[in-house]
Amino acid sequence: MKMIDFRVRPPLKGFLKMVMYSNSERRDRFTRQLGLSPAPSAQKLSMPLLVEEMKAASVVMGVITGRVSDFLGSVDNEDVAAIVREHPGLFCGIAAVDPTNRRAAIKQIDDAIAGGFRGVNIEPGAYPAPMYADDRRLYPIYAHLEDRDIPTVIMNGGNAGPDLGYTIPIALDRVAGDFPNLRIVVSHGNWPWVTEILHVAFRRPNVYVSPDMYLHELPGMDDYVKAANGFLADRFIYGSAYPLAPLKEYADWFLKLPLRPEAMEKCIYGNAARLLRVNP
Amino acid sequence: MKMIDFRVRPPLKGFLKMVMYSNSERRDRFTRQLGLSPAPSAQKLSMPLLVEEMKAASVVMGVITGRVSDFLGSVDNEDVAAIVREHPGLFCGIAAVDPTNRRAAIKQIDDAIAGGFRGVNIEPGAYPAPMYADDRRLYPIYAHLEDRDIPTVIMNGGNAGPDLGYTIPIALDRVAGDFPNLRIVVSHGNWPWVTEILHVAFRRPNVYVSPDMYLHELPGMDDYVKAANGFLADRFIYGSAYPLAPLKEYADWFLKLPLRPEAMEKCIYGNAARLLRVNP
Amino acid sequence: MKMIDFRVRPPLKGFLKMVMYSNSERRDRFTRQLGLSPAPSAQKLSMPLLVEEMKAASVVMGVITGRVSDFLGSVDNEDVAAIVREHPGLFCGIAAVDPTNRRAAIKQIDDAIAGGFRGVNIEPGAYPAPMYADDRRLYPIYAHLEDRDIPTVIMNGGNAGPDLGYTIPIALDRVAGDFPNLRIVVSHGNWPWVTEILHVAFRRPNVYVSPDMYLHELPGMDDYVKAANGFLADRFIYGSAYPLAPLKEYADWFLKLPLRPEAMEKCIYGNAARLLRVNP
C-alpha cells in the first residue's frame with residue numbers, strides 16, 4: 001500500500017516562515033481543534049522525523065506547494081524546487097504564481113514547468129490583495145494553464161480568504177465552466193460548502209476535490225465520503241495539510257473510512273499520480 | 001400501490017430533440033454517475049418499452065413538461081398536449097412559458113390551462129437569456145399564476161443555469177414569500193442547496209420539493225429524506241427525471257427509503273395527485 | 001443535573017404581544033411542524049405552569065431577551081427587567097437595542113448593563129428596517145460592545161429576515177473577524193446554513209452557536225451535534241425557543257443526543273453560565 005499526500009509543508013527553508021511554523025501555538029491549537037495530536041516532527045522542526053513519519057504512514061510522496069501571501073506567509077518557488085531536488089523522489093512541486101502582473105505570471109508559470117514543477121497553485125483569497133476565484137485578473141492565467149494542460153490547484157475553502165464569501169463555490173463553478181479542459185484541484189475541498197462543491201464536481205468533470213484536513217470528523221464529512229465512494233472516486237485526492245494535521249495519525253484515520261477498496265486506492269494514490277503524471 | 005412520477009420525458013416528438021435524447025452518450029454517463037443503469041426504453045427510444053417500465057414500476061402517471069431552452073433543447077406545449085392526448089390517462093401535462101414578452105406569456109398560460117394543462121413550468125436559469133427565479137420579468141407571470149391558483153413548477157437545482165449562483169435558493173425564497181398563495185414545486189429540489197431549500201419549505205407552506213434524480217445516493221440525501229418523513233411529508237413529490245434516471249430501478253430504490261408508510265404514500269402519489277387535481 | 005435555557009419567552013408583559021403569543025394557531029402549527037407538542041403553559045398563558053415545566057425539565061434559569069421588531073412584535077427592556085426582578089434567580093436578561101440612532105443605542109446599552117442586563121441582543125433582519133449582520137449602522141454598536149466585553153446575541157438563522165439572504169453567514173463571519181474580542185452567540189444557530197456557520201465557529205473562537213429549536217430532527221442536526229461533541233464543545237449553547245418548542249419535551253430530547261458527558265454538561269449549563277457570568 002502506498003499513498004501520495006497532496007498537501008505537505010516540510011519544516012524546511014521558506015516553509016519555516018509560514019505562520020504554521022512561526023506560530024506553533026496557533027498551529028497546535030488548530031490541530032487539537034481537529035481532534036488530532038501535533039506531530040513530533042512539526043514540534044521539533046525535524047525533517048528526519050518527518051521522513052520517518054512519512055514511511056510509517058506509507059506516504060511515498062508529498063506534494064509541496066509554493067505560496068504568495070501576506071497573512072499566511074510566502075514560500076518561493078525556488079525554495080520548493082530546492083527541497084524537491086535535495087530529497088529525490090520524496091516530494092513533487094507545485095508552483096506559486098503572483099497574479100498581479102499577467103505577463104510576469106505567465107513567465108513564472110513557464111519557468112516553473114520548465115524547471116520540473118508538476119502544476120500551479122492559485123490561492124485567490126490568500127493573495128496580498130484578496131480576490132475571488134473568478135477574478136478577471138486570473139482569467140489570462142487560467143487560459144494559459146488550460147492551453148498547456150497544466151494541473152491547477154485552487155485553494156478554495158477553509159481560511160482561504162478574509163471571510164466566508166471568498167470560498168462560496170459559485171466563482172469556482174464559473175472558472176470550471178469557462179475553462180472546461182483546465183484540470184482543477186480544489187484544495188481544502190471548498191469546505192464548508194460541501195454539498196455545493198460536490199455538485200460542482202458532479203457537473204464539471206474537470207474538478208478534483210481534496211478536502212485534506214477539513215475532513216477529519218468535521219461537518220460535511222459523510223457527504224465527502226459518500227461522493228468519494230461514488231461519482232467522485234476518480235477525482236477525490238487525499239491530503240493531510242501537514243503540519244496542521246499529523247501525517248501518520250491522519251492517514252491511519254483516513255484508511256478506515258468506509259470506501260470501496262478500488263475507490264480508496266484511487267483517492268490515496270491513483271488519482272494524484274495520474275493527475276500529476278508521477279509514479280513514486 | 002401506485003406512483004405518480006413528476007418528471008418524465010418520453011421518447012416522443014419534441015423530447016427527442018432534447019440533449020438527453022440527442023446526445024445519448026452524455027445521458028448514459030450522467031445516469032451512471034448517479035450510480036444507476038440506463039433504461040432500455042431510453043437507449044432504444046422505445047415508447048412501448050417505456051410503457052412496460054412504467055407498469056413494472058407501478059407508475060400510473062407521468063408528468064410531462066414543456067420547455068423553452070437553448071442548451072437543453074425546447075419542447076413545445078403543442079407536443080406535450082399531443083402526447084397527453086394520444087396516451088389517455090398515462091400522462092399529465094405542464095406547460096412551458098416564454099417570459100420574454102409578458103402579454104404573450106399570459107396568453108400562453110391561459111391557452112395552456114384552457115387546453116387541459118395542469119400547471120405551468122418556469123425554468124429561470126435555462127431560458128435562452130438565463131435569469132434568476134426572482135427576475136422582475138417573471139413577477140407579472142407569478143402574479144397571474146397565483147391569482148388563478150395554477151400549480152407552478154420552478155426548475156431550481158442541478159444544472160439549471162450557467163453557474164451554481166442561479167440556483168441559490170435566496171431568489172426562490174423571495175418568490176415564495178412575495179406570492180404566498182402560489183403553489184411552487186421546486187424541480188430538481190434545489191440541489192445542492194439542500195439544507196437551505198428545506199428551510200425555505202419549512203418557512204413557506206406554499207413550497208413543494210421534488211429532488212427527482214438529485215436524490216439517488218447524492219450528498220444531502222439524508223436531509224431530504226428526514227424532511228420527507230417529517231415536516232415536508234405533505235409537500236415532497238417523487239420524480240425520476242427519466243430518461244436521466246431509469247424509471248423502474250429508481251422507483252425500486254426510492255420505495256426502500258426509511259419513510260413512514262403514510263409519508264411514503266403521500267410522496268409517491270398523494271401529494272402530486274392533490275396538487276395537480278388528478279386521480280389516475 | 002441543571003440546565004440553562006438560553007431562549008425563553010415567558011407568557012408575561014410585552015412577550016404576550018409577540019406573534020408567538022398573539023397568534024397561538026401559528027405558534028402551535030410551528031411547534032407541530034418541528035415534531036413537538038405545544039406546551040400547556042403556552043396554550044394557557046400560565047406562568048405558574050411554566051415554572052412547573054422548568055422544574056420538571058431541570059431548567060434552573062431561562063435567558064429572556066428584549067426585541068425591536070415590527071413583524072415579530074417588540075419587547076421593551078423595561079419589561080424584561082421587571083420580569084427578571086419579579087422572579088428572583090429564575091431569569092437572566094439580555095437587552096434589545098435599536099440601531100437606528102447610534103448615540104441612543106449606546107445609551108440604551110449602557111443603561112441596560114448598569115441595570116443588570118447580562119448581554120445585548122441584535123436582530124439585524126428582524127428590525128423594522130431589516131439589515132444584514134455587517135450593516136455599517138451596527139458597527140459602532142459592535143465596537144462599543146467589544147470594548148466593554150459585553151456578550152452579544154445576534155439572531156441569525158430561521159425566519160430572521162425577509163428572505164434567506166439575510167441569514168447567509170458571510171456577513172456574520174465579517175463581524176466576528178472585525179471584532180475578534182466580541183463574544184457572539186448566534187441565536188437560531190444560523191440554520192439552515194449549518195456547515196457554513198460551523199466553519200465560522202471553527203475559524204473564529206469568539207463565536208458561540210445556539211441553534212435552539214432549529215435542531216429538533218431538522219436537516220443539519222447531525223452536523224451541529226458532531227460539532228458540539230468536538231471543537232464546539234465549549235461554545236455550543238442549549239436553548240428551546242420556548243414557547244415555540246415545549247421546554248420539557250425538548251430538554252428530554254436534547255439530553256438523549258449522543259454527546260460526551262462533559263460536552264453535554266457544557267452545552268446545557270457550563271457554556272452559558274461562563275459567558276453570562278451567572279451561577280444559578
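Here is the naming used below: chain letters follow the sequence lines, and residue numbers restart at 1 for every chain. Every heavy atom of this structure was used, including side-chain atoms; hydrogens, water molecules and symmetry mates were not.
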In this structure, CG of B:Asp223 is separated from CG of C:Leu218 (nearest 0.5 Å) by 9.5 Å
Is B:Pro205 in contact with chain C via its backbone, its side chain, both, or neither, using a 4.5 Å heavy-atom distance? neither
Residues two or more places apart in sequence or in another chain: which of them pass side-chain hydrogen bond (donor to acceptor under 3.5 Å, both in side chains) with C:Asp28? C:Gln43
Gap separating the OH atom of C:Tyr166 from the CG atom of B:Asp173, nearest 0.5 angstrom: 11.5 Å
Interface residues of residues 208-217 of chain C facing chain B - non-hydrogen atoms under 4.5 Å apart: C:Tyr214, C:Glu217
Side chain from CB out, backbone as N, CA, C, O: work out which of these in B:Phe202 comes under 4.5 Å of a heavy atom of chain C, or both, or neither. both
At what distance, to the nearest 0.5 angstrom, does CZ of B:Arg174 lie from CG of C:Leu164? 9.0 Å
Out of B:Ile197, B:Val194, B:Thr195, which residue meets the side chain to side chain contact (heavy atoms under 4.5 Å, CB included) rule with C:Pro192? B:Thr195
Separation between CG (C:Asp163) and CG (B:Asp178), nearest 0.5 Å, reads 8.5 Å
Heavy-atom count check: over 12 atoms from other residues, nucleotides or ligands less than 6.0 Å from B:Arg260 CZ? yes
Just wondering, do B:His199 and C:Asn159 contact through their side chains at under 4.5 Å, heavy atoms? yes
To the nearest 0.5 Å, what is the distance between CZ on B:Phe231 and CG on C:Leu34? 9.5 Å
Using a cut-off of 6.0 Å, state whether more than 12 heavy atoms not belonging to C:Lys44 lie near its atom NZ. no
Once side chain to side chain donor-acceptor pair (under 3.5 Å) is applied, what residue pairs with a partner in residues 235-246 of chain C remain, sequence neighbours excluded? C:Asp5-C:Ser240, C:Ser41-C:Tyr242
Backbone of C:Trp193 reached by a side-chain donor or acceptor of B:Glu196 within 3.5 Å: no
With sequence neighbours left out, what residues match C:Asp222 under side-chain hydrogen bond (donor to acceptor under 3.5 Å, both in side chains)? none
